[in-house]
Amino acid sequence: MSTKIDKNTPVQDMTIAGNIYEAGNAMEFKTGDWRSIRPKYISEKCTQCGLCFPVCPDNAIPVGKDQKRTDFNYDYCKGCGVCAKVCPFKAIEMVDEGEK
């Protein structure tokens, strides 16, 4: 159901947007299509040091039961590049969204 909102719509009838009601809800919203650049995981360079996944603000770096990271979950990655910045082994490279 959608409601048409225009300049005559009373404020109390407008949908509240941009509010975060609770922490840890990043996985409830697929925001990957916001990216213009994306991280590229280079598994050969990855030492599984674990520095990247705790800094990801969107939980876009999956970690398996074996405590090893895998490729990105691009449904949630916004392309902020924090993971690439923190990786001392250059196992994450930021590339244009269209690049392979």
Side-chain angles (χ1 to χ4, degrees):
M1 180 176 131
S2 68
T3 303
K4 185 176 179 181
I5 297 175
D6 61 26
K7 65 181 180 178
N8 298 317
T9 304
V11 171
Q12 61 268 25
D13 293 342
M14 292 184 186
T15 303
I16 297 172
N19 290 339
I20 299 172
Y21 295 104
E22 59 186 66
N25 65 356
M27 296 305 284
E28 294 176 25
F29 304 99
K30 291 186 178 184
T31 56
D33 58 352
W34 295 3
R35 283 188 313 272
S36 59
I37 59 172
R38 67 175 169 77
K40 179 179 176 183
Y41 176 52
I42 307 166
S43 60
E44 301 81 37
K45 292 183 177 183
C46 181
T47 65
Q48 299 293 333
C49 68
L51 293 174
C52 59
F53 65 85
V55 300
C56 179
D58 298 302
N59 288 333
I61 303 175
V63 178
K65 291 182 181 182
D66 59 358
Q67 296 300 307
K68 293 188 177 185
R69 71 147 298 162
T70 56
D71 203 355
F72 290 92
N73 185 336
Y74 290 110
D75 282 342
Y76 302 101
C77 172
K78 291 184 186 84
C80 70
V82 174
C83 56
K85 194 76 167 168
V86 75
C87 181
F89 304 102
K90 307 287 187 230
I92 303 169
E93 175 183 313
M94 298 305 290
V95 298
D96 287 331
E97 184 59 42
E99 191 176 320
K100 291 187 179 195

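Keep in mind it's a predicted model, so treat the numbers as computed, not measured.
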For S43, side-chain contact (heavy atoms from CB on, under 4.5 Å) partners two or more places apart:
Y41
Sequence neighbours excluded and cut-off under 3.5 Å, please list the side-chain donor-acceptor pairs for residues 81-94, or say none.
none

Check whether D66 reaches the backbone of K68 with its side chain - one donor and one acceptor, N or O, closer than 3.5 Å.
yes
Spacing of C77 atom SG and R35 atom CZ [to the nearest 0.5 Å]:
5.0 Å
Can you check whether Y74 reaches P39 side chain to side chain, under 4.5 Å on heavy atoms?
yes
Taking only residues two or more places apart in sequence, or in another chain, which ones meet D71 in a salt bridge (Lys or Arg N to Asp or Glu O under 4.0 Å)?
none
Quick one: does any side-chain atom of R69 pair with a main-chain N or O of I61 as donor and acceptor, under 3.5 Å?
no
